[in-house]
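So that the names make sense, note that chain A is the first sequence line, chain B the second, and so on, each numbered from 1.
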2 protein chains.
Amino acid sequence: MGKSWSVLLSWPGRTGPEAAVPEVELERVAGDDSAIRIVHGDNEGVLQAMAPELEGKVSLVYLDPPFFTMREFERVTRRKSGTSPPVRILTPAFDDRWCGLESYLSSLRSRLVLLRKLLSPHGSVVVHVDPRTSHYVKVLGDEIFGPDAFASEIVWRYRRWPARTPNFQRVHDVLLRWVADPCAAPRFTQLYEELAPSTLKTWGRGKQKAVFDGTGRRRRSSTEQAPSPGVPLGDVWEISIIAPVGRERTGYPTQKPEGLLERVIGALSEPGDIVLDPYMGSGTTLSVAAKLGRRAVGMDQSHVAVGVTRERLAAAGVQFSEFRAVPVQRQQAPGQLRRHAP
Amino acid sequence: MGKSWSVLLSWPGRTGPEAAVPEVELERVAGDDSAIRIVHGDNEGVLQAMAPELEGKVSLVYLDPPFFTMREFERVTRRKSGTSPPVRILTPAFDDRWCGLESYLSSLRSRLVLLRKLLSPHGSVVVHVDPRTSHYVKVLGDEIFGPDAFASEIVWRYRRWPARTPNFQRVHDVLLRWVADPCAAPRFTQLYEELAPSTLKTWGRGKQKAVFDGTGRRRRSSTEQAPSPGVPLGDVWEISIIAPVGRERTGYPTQKPEGLLERVIGALSEPGDIVLDPYMGSGTTLSVAAKLGRRAVGMDQSHVAVGVTRERLAAAGVQFSEFRAVPVQRQQAPGQLRRHAP
DNA sequence: GCAGTTAATGAATCGCATG
DNA sequence: CCATGCGATTCATTAACTG
C-alpha cells in the first residue's frame, strides 16, 4: 500500500476476514497468441490467475464497474421482421443490485488491490463511476494507492434528454485516476482540444507568448506565427453519448463511446503497451486499444458481454484470442493451459 | 443527523471530545436593520450566537471554505503612482495551512453541524471545494445530512492559462449540495441554458413532443409551436473566472464570479429568503443576494475580507449593517446587543 | 453527392396506479 | 401499507430517406 491519509472509510465488519478468491485457471477457447485477449470469468479470480504473467507490466487499467444503481440491465437487440415495427428482444446482461454500499465497496476494493500489483511503475488506473459513488470510491482508492498517487478527477459531460426534477440535471460521470508511483515519470501523451471561442476571437490560432520586462514582471502577451495545436486537454470532457440508433451502438447497456476511450488510452498508454479492462462490457476498451495499436486484455463475467465483444472485434477485423476461467482441478498440474476442443 | 450509510470516515482521535466553541455575542458596528448583514468574527462562534435568530429560517447556505491548499493567501491592491507602472501591494488575507486533513475536516464538520440546524425544511447547503478534498467532504457531509439528502455534485468548469504538466489540466471546482429534508419539496427554480447546437439544427427552438401509437410505443417526436425555453440547467457549468483585470475583481484571493452565485442563489432561493455565507471572502454572495432581492448574512474572520465586502457593497449602493463578534462578558446580561460608539 | 427532413430511442425522474 | 411498474415528460444524436 502507498502512503495513506489517516482518514479512512470504516464500516461494521470491515476488518473481518475476507472471503478467499476461488482459484481458477484460464482455458483457451479460440484464437492463437494475439495482442487482444478476451477472458470470460469473474475478474477477481482471473486477475489472480493472470498475476504471474502481468505483474508490473500493465500501463493502463480502465475499469467501468457497475454504478450501484440497484437495477438489472438488459441487452437490447432488434430483429427486423420484414413488416413494420422491428421487434425488441431483451436479454439480461448484468445485475447491479447490492446489499448495501459496504458490499459494493468491498467488491471493488478487492479488485483494486489485485490491480495495483499488475501496474508498471509508469502506469495508472482509471475508475469510471458516477457522482453517486465517486466520493466513496475516491477515499477507498486513496487508501489503496496512496493520496499522493491521485492524479486526476476527469468529468465526462454528456447531453441527454432532460428529466422533470426539482434539481440540476445529472449530466456527468466521473473518472478517477491514480498513478502507480507518484515519483516515477508517468506515461502521458499531451492531447489538445479546440481553443475557447473567446481565445480564437482575441488571439486567432497563433500561439500566445508571454512577454516579460526587465524586472521579471509579465507585461503582455503577443501572438506568434506558429499555430497553436489547441489548449492542452483539461479534466472536463464534453463527449456525446452514443445515439440510440448510432452505428457504434451494440445494444449492450451502459456502453461507453469510443471517443472517451480514445482520450484515456491515447493519453495514458503508448503503442505496444498493455491495457487492461476488468469490466469489459461491450468491449469498447479492446476495440479502441486495437485501433491505437495497444495490446489489451478484457475480462467479463457475463457471456452476453463476451458475445457482444467477440462479434464487435470480428466485425472490425481485429485478431483476438479468447479464454475462459475454469476452477482449478487439483488432480492435474496447476497453471497449465488446457487446449479446448471446440 | 439524517439516516446515514454505515460507511463513515474515521481517523485517530476522531471520537475524542470536541473543543468547546468560545461563546461570543454580536455587537453592531454600523448600519440599521438591513436585509444584508456582514459579521466580522470566526464563523463557528458567530453561527452559534445567531442560532436562536436563524434556526429553521435559512433557505440557502453557500460555503466557500479554504481548499486545503497549504498556502497563505494575500490580497492584491494596485496603487497608480502617477508615473508608469502601478505598484502592487500585498496584504495577508487568509491562511489555508493545516496540520493534516483531519484538522481540516474537523473544522469543516463543526460548521456543517451548526449550519444544519439553521436550515428551513426546504433549504439546502452548497459547499464549494475542489477535487482534492471534495470526496472527503462529501463523505463527511453524507454523515451529517444523510446520504439521501445529497442532491447534486455541480462541476464548475472554467478556463485558465494552461500549466505545463504531464497530466490533464485541472479546470474544475466542485459544488456539493445537500437538502435539509429529502422528503420536503425543495426550493428550486428551474433555470435553463441554451440548447445544444445539434438540437438547434435538427429541431430549431420548438419544443419536442413525443407521439405514441395505440400500443403505447413511442413512434416519433414532433416539433411544437411553443418555443422551448432551452434545456433545463445541468450540473456542469461553464463560467469564466474573473479576468485578472476584470471590473468585478476586488483583488481578494479566490474570488468567485458573480455568474456562479447567480445560478446558485437564483435556483435555490426565492426573493425575501435568507441566504447565509459563513466564509464570506470578498462578499460575492452578499452582492448577488442583494441584486436578486434576497436577505443575506455573511461572516468572515478576516478584517481584509470585511473591508473588501464593505467597500464593494457601498460601491454598489447596497444598504447593509455590520456587526462584530466579541467574547461574552459574563458580568452583563448575555445575548443583548451592545451599541458600539464609533 | 450533398443538404435538408424524418425516425427512433436512451446508465433519467417523478407521480400515480396496481399488487 | 410498502414495494414495483409503467405512463408522461421532451433533449440529443445519428441513420435512413428524399429531392
Rounded distance (Å) that lies between atom P of D/dA12 and atom CD1 of A/I239: 17 Å
Nucleotide nearest A/R160 (side chain, heavy atoms from C-beta), chosen from C/dA12, D/dT13, C/dA11: C/dA12
Of all pairs that satisfy ring-ring contact (aromatic ring centres under 6.0 Å, His included), the ones with a partner from residues 234-261 of chain A, not counting sequence neighbours: A/W237-B/F168
Residues A/R14 and A/E102 bridged, charged N to O under 4.0 Å: no
Sugar-phosphate only, base, or nothing, as touched by A/Y158 at under 4.0 Å among non-hydrogen atoms: nothing
A/F67-C/dA11 aromatic stacking (under 5.5 Å, under 30°): yes
A/F68 and A/Y104 aromatic ring geometry - parallel, tilted or perpendicular at 30°/60° bounds: tilted
Side-chain donor-acceptor contact under 3.5 Å, A/S152 with A/D235: no
Residue whose closest nucleotide on DNA chain D lies nearer the 5' end, A/E248 versus B/P229: B/P229
Between C1' of C/dA11 and CZ of A/R132, the distance in whole Å: 8 Å
Presence of A/S240 side-chain N/O under 4.0 Å of D/dT13 phosphate oxygens OP1/OP2: yes
Expected rows: protein N/O vs nucleotides 17-19 of chain D N/O, under 3.5 Å:
none

Under 3.5 Å: donor-acceptor pair, side chain of B/S269, backbone of B/S59: no
Spatial distance of atom CG (B/L200) from atom CZ (B/R205) [nearest 0.5 Å]: 5.0 Å
Between A/E258 and A/S287: side-chain donor-acceptor atoms closer than 3.5 Å: yes
Pair A/E322 + A/R37, salt bridge at N-O below 4.0 Å: no
Structure string for DNA chain D in dot-bracket form, Watson-Crick and G-U at under 3.5 Å, | interchain: .||||||||.|||||||||
Nearest listed nucleotide, side chain of A/P162, among D/dT14, C/dG10, D/dT10: D/dT10
Gap between atoms CZ and C1', on A/R97 and C/dA11 respectively (whole Å): 16 Å
No-hydrogen, no-angle side-chain donor-acceptor test under 3.5 Å, A/Q301 and A/H40: no
Separation between CD of A/Q169 and CZ of A/R159, rounded to the nearest 0.5 Å: 12.0 Å
Distance-only donor-acceptor check, side chains B/T189 and B/E270, under 3.5 Å: no
Listed nucleotide nearest any side-chain atom of A/V245, set C/dA12, D/dT13, D/dT14: D/dT14
Nucleotide nearest A/D64 (side chain, heavy atoms from C-beta), chosen from D/dT9, C/dA11, D/dC11: C/dA11
Note: A/D273-A/R295 ion pair, threshold 4.0 Å (strictly below): no
Nucleic acid footprint by protein, nucleotides 14-19 of chain C - heavy-atom cut-off 4.0 Å, B for base, S for sugar-phosphate alone: S-----
Side-chain N or O of A/R159 closer than 4.0 Å to phosphate OP1/OP2 of C/dG10: no
Side-chain heavy-atom pair B/T133, B/D130 within 4.5 angstrom cut-off: yes
A/P244 side-chain proximity, nearest of C/dA11, C/dT9, D/dT13: C/dT9
A/D96-A/T69 side chain donor-acceptor pair, cut-off 3.5 Å: yes
Protein-nucleotides 2-6 of chain D N/O pairs closer than 3.5 Å?
none

Reported OG-to-CH2 distance for the pair B/S228 and B/W203, which is rounded to 0.5 angstrom: 12.0 Å
A/R312 versus A/S282, side-chain donor and acceptor atoms under 3.5 Å: yes
A/H135 and B/H135 aromatic ring geometry - parallel, tilted or perpendicular at 30°/60° bounds: tilted
Whole-Å gap separating C1' (D/dC11) and OH (B/Y192): 12 Å
Separation of C/dT9 C1' from B/K209 NZ (nearest whole Å): 17 Å
Sugar-phosphate, base or nothing in reach of B/L195, heavy atoms under 4.0 Å: sugar-phosphate
Distance in angstrom units between A/E238 CD and D/dA12 P, rounded: 10 Å
Whole-Å distance separating the CD atom of B/E194 from the C1' atom of D/dC11: 13 Å
A/E153 and B/R170 ion-paired at < 4.0 Å: no
Nucleic acid contacts - residues 199-208 of chain B versus DNA chain D, non-hydrogen atoms under 4.0 Å: B/T199, B/T202, B/W203, B/K207, B/Q208
Spacing of A/W161 atom CH2 relative to D/dT14 atom P, expressed in whole Å: 16 Å
